[in-house]
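In what follows, chains are A, B, ... by sequence order, proteins preceding strands, each numbered from 1.
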Amino acid sequence: MTNSFDDIPFFDEEPEHAPRKPTAAAAPAAGGGLGIAARAMAARDQSRAPDYLSGLNPEQREAVESIEGPVLVLAGAGTGKTRVLTTRIAHILATGRAFPSQILAVTFTNKAAREMKERIGVLVGGAVEGMPWLGTFHSIGVKLLRRHAELVGLRSDFTILDTDDVIRLIKQLIQAEGLDDKRWPARQFAGMIDTWKNKGLTPKDIPEGDARAFANGKGRELYAAYQARLKSLNACDFGDLLLHPIDIFRRYGDILKDYHQKFRYMLVDEYQDTNTAQYMWLRLLAQRPKDVPQNVCCVGDDDQSIYGWRGAEVDNILRFEKDFPGAKVIRLERNYRSTEHILGAAGHLIAHNEGRLGKTLFTERTSPDDEKVIVHAAWDSEEEARAVGEEIEQLQRNKHNLNDMAILVRASFQMREFEDRFVTLGLNYRVVGGPRFYERLEIRDAMAYFRLVCQPADDLAFERIVNTPKRGLGDTTIRTLHDYARARDVPMLAGAADLIETDELKPKARKALFDVIQSFKRWSELLETTPHTELAEQILEESGYTDMWKNDKSAEAPGRLENLKELIRSMEAFESMRGFLEHVSLVMDAEQNEDMDAVSIMTLHSAKGLEFETVFLPGWEEGLFPHQRALDEGGRSGLEEERRLAYVGITRAKRRCHIWFVSNRRIHGLWQSTMPSRFLDELPAAHVDVAESESSYGGYGRGGYGQSRFDRADPFANSYSTPGWKRAQANKTDATRDNWGSRSGHAVERIGYGESGPRTKTIDGELVAKSVASTPSKFSVGDRVFHIKFGNGNVSSIEGNKLTIDFDKAGQKRVLDGFVEKA
DNA sequence: ATACCGACCTTTTTT
DNA sequence: AGGTCGGTAT
């Protein structure tokens with residue numbers, strides 16, 4: 001959900017119930033089937049297409065106009081997916097097939113929902129206000145749940161807990177069980193619950209093995225206790241926002257039936273990212289009795305499924321035609337974003353995956369000036385950052401906007417080096433998806449105050465701020481109160497009111513607690529009468545919270561006060577405090593200022609859906625990308641997901657894509673010698689250039705890299721000495737065949753890298769194939785060698801061009817032979 | 001209550 | 001290596 005305040009008040013009936021009777025000629029006829037007027041309109045559309053349909057290509061147009069029945073749109077990167085979705089909605093509305101409130105449109109992120117709302121607004125002309133059911137799975141889940149909360153034992157003003165609250169709650173439960181919270185970390189259990197909920201499993205459904213694996217076999221009880229505790233707190237976690245509606249739909253057939261009637265058209269974005277729970281939710285809504293049409297349209301790209309580790313099931317998209325017999329499948333393969341080199345490189349890479357639905361992107365927008373994808377090598381990550389910085393400055397001198405450039409990394413620790421470098425250069429950058437505004441300490445504290453005012457049963461909020469700022473309510477008092485409240489099964493705030501009537505507490509604590517209770521009583525009363533921003537300020541003042549930071553002399557304090565002001569400011573856009581709280585719990589983002597011209601730095605994951613003129617992809621090394629852990633834990637499918645991530649990365653680029661790898665990277669504090677990513681070997685020579693050293697960092701003498709005796713002696717070598725590089729050079733002339741555009745079926749022979757050593761051959765026309773055969777090592781076991789970073793050592797074994805060396809100082813390392821020379 | 005020290009972890013991230 | 005968190009010691 002976005003900042004629309006038409007969603008509040010929650011428990012009011014939806015306005016869409018009012019215009020039941022068709023009022024205009026275009027109104028939908030009841031009970032399926034099109035009314036005559038609607039059909040007439042549709043017919044008219046055939047002959048004279050409305051504006052919004054012009055400019056669509058035939059496939060897009062088909063996807064927009066195939067309104068009735070299940071449709072799967074396989075939309076490759078940059079093929080106009082969002083355009084299809086939004087135009088489709090506009091089309092449904094314009095042809096009068098449904099009211100805005102009868103369309104259910106689901107996205108994964110708030111960003112996507114926001115964008116869709118905007119774009120529909122442009123098409124339809126502002127009437128989007130009336131699309132109450134366009135939003136994320138979670139925001140729609142909240143909406144459903146507010147209406148039917150009592151059916152799952154909640155009140156409709158329930159609170160939504162975030163990850164932090166959940167962990168604190170679980171920790172309490174673990175301690176209450178008398179378990180060692182050290183041995184059984186709450187964080188880990190929260191992760192398990194999340195995984196279970198992603199799969200749609202309630203405590204009774206979880207596998208015995210899972211249940212046993214945690215807390216001496218108490219996993220299941222703990223999960224059940226957690227759910228019970230949520231209920232008593234009148235609270236939900238994120239997973240519940242999906243699971244509770246599923247539960248309601250299953251148990252109350254008449255309610256589900258209502259929604260079947262209500263949602264005439266359903267659209268789902270990024271279908272490849274749905275997890276099992278979301279899938280169940282969708283199926284319940286979309287699979288209807290025979291007499292109700294299944295007008296569901298899912299849009300996705302199996303090649304961009306990168307959230308498997310988070311429970312997404314690519315199978316959902318692969319299975320669509322089975323789930324919805326007679327479904328129409330439409331492929332969008334015409335790309336409007338990238339040059340043919342970029343598409344060629346990406347397409348050839350992704351063709352190495354099996355189990356694809358198979359799409360090949362093409363473009364007609366080619367020019368001889370198009371730059372190929374360029375692969376660069378650097379000695380280490382520092383040099384990588386330096387060189388990328390130089391390229392960016394060069395582009396900047398040629399009048400390119402920083403806003404059109406992005407650095408996409410595999411793991412966030414890679415960002416730091418770039419930030420450091422850009423700070424030195426004075427180059428503007430922005431980190432996308434960094435630490436979130438609403439996760440900051442002071443914001444969470446303030447929010448806890450507001451939450452408790454709105455929802456006095458929110459014990460987590462109570463415990464968070466009861467002694468913040470310090471009021472002399474220490475652990476003992478809280479413990480007493482906690483036990484007292486739990487024994488009576490009342491919320492802590494209510495329990496506190498009773499407790500101060502007794503003499504269980506010391507007078508000092510009693511007085512302090514009394515004051516707290518009085519304050520909250522006062523604020524709660526003001527809630528109905530005072531404007532919420534004013535009340536918020538008052539709360540922070542009267543509680544002493546702002547004073548606490550004013551008196552704090554630490555360096556962060558002024559910033560925190562500034563953030564609090566910002567928090568109040570952002571409340572202004574909302575109608576009520578409750579509405580604001582809900583927004584924050586669902587939308588953890590705070591919008592960034594887009595005004596500044598700056599290079600974006602972000603992870604590959606958060607880059608999905610975005611595009612840039614120029615994209616830099618650093619860190620293409622084995623172990624980092626593909627990430628070792630993805631390989632260890634995910635096996636073959638883990639590797640394929642990494643490859644999709646690489647595909648996503650390349651396809652973000654419109655005109656220029658520069659890939660980097662380094663020979664040495666510091667991981668967990670120690671320098672490791674690294675090997676170029678296997679993905680580099682999977683790029684097609686026809687669309688990829690290998691950068692010449694002089695152009696990118698010539699004259700930069702770094703202790704011999706690029707100038708060693710070894711290099712000069714090597715017939716292949718320019719200044720690049722990595723084998724991957726040499727192989728690239730060597731193959732450049734051989735690989736005359738352009739394999740770009742081949743379907744995935746052309747894979748010839750593949751031997752997994754992970755299990756059985758170096759692969760021998762992959763796909764025709766690749767940069768590189770046979771590392772073992774083509775570059776026999778010039779070293780032998782026992783040779784005394786020198787490595788620039790690790791010093792002297794002895795070769796202990798050789799595998800192709802990879803040497804295992806016992807270094808005198810650095811210990812045993814595996815190193816590519818290009819990096820050592822005979823000592 | 002605060003300060004200091006040691007243990008631990010370190011892919012990706014939404015909601 | 002480095003940052004964070006949690007526990008202990010003052």
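Residue-to-nucleotide proximity on DNA chain B shows that, of A:Gly472 and A:Arg629, the 5′-proximal contact is made by A:Gly472. When each of A:Leu473 and A:Glu641 is assigned the nucleotide of DNA chain B with its nearest heavy atom, A:Leu473 is the one assigned upstream, toward the 5' end.
B:dC9 atom P lies 17 Å from atom CG of A:Leu670, rounded to whole Å. Rounding to whole angstrom units, NE2 of residue A:His605 and P of B:dT15 are separated by 14 Å. When rounded to the nearest whole Å, the span between CG of A:Leu604 and C1' of B:dT12 equals 9 Å. Here the P atom of nucleotide B:dC9 and the CZ atom of A:Arg187 are 12 Å apart, to the nearest Å. Here the C1' atom of nucleotide C:dG2 and the CG atom of A:Asp420 are 13 Å apart, to the nearest Å. We find that CZ of A:Phe108 is positioned 20 Å from P of B:dT12, with the value rounded to whole Å. Counting to the nearest Å, the P atom of B:dT10 and the CD atom of A:Gln188 are 11 Å from each other. For the pair A:Lys608 NZ and B:dT12 P, the computed distance is 17 Å after rounding to whole Å.
Near-neighbour residues of DNA chain B inside residues 160-172 of chain A, defined by a heavy atom below 4.0 Å, number-ordered: A:Thr163.
The aromatic ring of A:His627 stacks onto the base of B:dT11, its centre lying under 5.5 Å from the centre of the six-membered base ring with the two planes under 30° apart.
Comparing B:dT15, B:dT13, C:dG3 by their closest approach to the side chain of A:Arg416 singles out C:dG3. Set against B:dT12, B:dT15, B:dT13, the side chain of A:Tyr307 has B:dT13 as its closest nucleotide. The nucleotide whose nearest atom lies closest to any side-chain atom of A:Lys470 is, among B:dA1, B:dT11, B:dT15, B:dA1. For A:Glu633, whose side chain is taken as the heavy atoms from C-beta onward, the closest listed nucleotide among B:dT13, B:dT11, B:dT15 is B:dT11.
Looking at residues two or more places apart in sequence or on another chain, you find a side chain to side chain donor-acceptor pair (under 3.5 Å) between A:Asp269 and A:Lys81. Under the side chain to side chain donor-acceptor pair (under 3.5 Å) criterion, A:Tyr545 pairs with A:Asp445, A:Trp549, sequence neighbours left out. In this view, A:Phe625 and A:Trp620, A:Phe679 satisfy the ring-ring contact (aromatic ring centres under 6.0 Å, His included) rule, not counting sequence neighbours. The salt bridge (Lys or Arg N to Asp or Glu O under 4.0 Å) test applied to A:Lys199 returns no partner, not counting sequence neighbours.
At the phosphate of B:dT11, neither OP1 nor OP2 sits under 4.0 Å from any side-chain N or O atom of A:Ser412. In this model, the phosphate group of B:dT13 is not approached by any side-chain N or O of A:Arg310 to a distance below 4.0 Å at OP1 or OP2.
For residues 271-282 of chain A, every residue pair satisfying the salt bridge (Lys or Arg N to Asp or Glu O under 4.0 Å) rule, not counting sequence neighbours, is listed here: A:Asp273-A:Lys608.
With hydrogens and angles left out, the side-chain atoms of A:Gln175 and A:Glu177 include no donor and acceptor closer than 3.5 Å. Using modelled atom types, one finds a donor on one side chain and an acceptor on the other under 3.5 Å when comparing A:Asn234 with A:Asp157.
When the P atom is compared between B:dT13 and C:dG2, the two are found 23 Å apart, to the nearest whole Å.
Taking the six-membered ring where the residue is Trp, the centroids of A:His605 and A:Trp309 are separated by under 6.0 Å.
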